[in-house]
Number of protein chains: 2
Amino acid sequence: MAQTNPPFMSGVPELLLLRLLEQKEMYGYELVRSIRKVTGEAISLGEGVIYPALHGLERNGALKSRRKAVAGRTRVYYGLTAKGRKRLAKLADDWRRVQGGIESALGAPAHA
Amino acid sequence: MAQTNPPFMSGVPELLLLRLLEQKEMYGYELVRSIRKVTGEAISLGEGVIYPALHGLERNGALKSRRKAVAGRTRVYYGLTAKGRKRLAKLADDWRRVQGGIESALGAPAHA
DNA sequence: TCATATACCTCGAAGTTCAAGGTATCTTGG
DNA sequence: CCAAGATACCTTGAACTTCGAGGTATATGA
């Protein structure tokens, strides 16, 4: 759907990127495919989102990167910094709060 | 926190408004307080969000309104239309999809 | 009278996501 | 050799939503 500001997606790319990079270093193209995979095809992000997000996170100090030549191509691997870990923890907290609140609202009236 | 575009909040006001109004007619100020209550204080929305959202939903045909004088004040009660019910169902679906995907991503690496 | 509660309204700033467009190299099949 | 597709990175403008802050008005209580 051609919607520039879809509901429920704000903050999601950043959260997922940090989560994946918490596990291991990965490069952009790999992240695009992994996000689709770890979310069970529920969430799919285009490169137009991923790369600016990666750049922004690096600028903020949450990620560090290094270039690596593989089979004639250049890959930019990203890894989490200590600051990035803190940012991830914060985002996960925010997510839990919002998600919990919405579950209460969606579920509660059925119980009340 | 003074952030105009906080993570995970896009689409949330609309979803919560529709959900509450699915149960019964309510007026703006009442909705502001109810959202805080049904989300267990997890989510708090200001009037600057609620009123434009209500107006927008009415303009889209998802809500209908009527004015009612109560103790010298005017209250604007809103209620869901058939179109609004469809919109709610769609939003709930979208929420489930995104939420499920994120849970997979946040939880999966711990299991894998 | 003044402060607070109730009730509605408006607005500009800020930031994110999106699709689309682009660059470049490698691989494979015709 | 050439074209198509895959791999990998990059950029951009449009669209939209949430937010805080400001405003109006009336009623109530000290």
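Letters A, B, ... mirror the listed sequences (proteins, then strands); counts begin at 1. Just the heavy atoms: all of them, side chains too, but no hydrogens, waters or symmetry mates, feed the values below.
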| request: For nucleotides 24-30 of chain D, just jot down a letter per nucleotide in 5' to 3' order: B, S or -, based on protein non-hydrogen atoms under 4.0 Å. | output: --BS---

Quick check on [N]: is either OP1 or OP2 less than 4.0 Å from any side-chain nitrogen or oxygen of [X]?
X: A:His55; N: D:dT11; answer: yes
X: A:Tyr29; N: D:dT7; answer: yes
X: B:Tyr51; N: C:dC9; answer: no

| message | I'd like to check A:Leu31 versus A:Leu54 (side-chain heavy atoms, cut-off strictly below 4.5 Å). Are they in contact? | response | yes

| query | For DNA chain D, whose closest nucleotide is more 5', that of A:Asn5 or that of A:Thr74? | reply | A:Thr74

| remark: Taking for B:Tyr78 and for A:Pro52 the nucleotide of DNA chain C with the nearest heavy atom, the one nearer the 5' end belongs to B:Tyr78

| Interatomic distance where CG belongs to B:Leu17 and P belongs to D:dT18 [whole Å] | 9 Å

| task | Return the value, rounded to whole Å, for the distance between atom CZ of A:Phe8 and atom P of D:dC16. | result | 17 Å

| said: Is there a salt bridge (charged side-chain N to carboxylate O under 4.0 Å, His left out) between A:Arg33 and A:Glu47? Walk through the geometry before answering. | reply: CA-CA 10 Å; A:Arg33 285 170 303 164; A:Glu47 293 152 39; over 6 Å; no

| message | Using the salt bridge (charged side-chain N to carboxylate O under 4.0 Å, His left out) definition, which of the options A:Arg75, A:Lys24, A:Lys37 pairs with A:Glu30? | response | A:Lys24

| request: May I ask you to list the residues of residues 39-50 of chain B, by number, that have any heavy atom positioned under 4.0 Å from an atom of DNA chain C? | output: B:Glu47, B:Gly48

| query | Are A:Arg97 and A:Asp93 close enough for a salt bridge, meaning some N to O gap below 4.0 Å? | reply | no

| request: Give a yes or no on whether a salt bridge exists between A:Lys86 and A:Glu22, defined as a side-chain N under 4.0 angstrom from a carboxylate O. | output: no

| Where B:Arg36 and B:Ser44 come nearest, the two heavy atoms and their spacing | NH2-OG, 2.9 Å

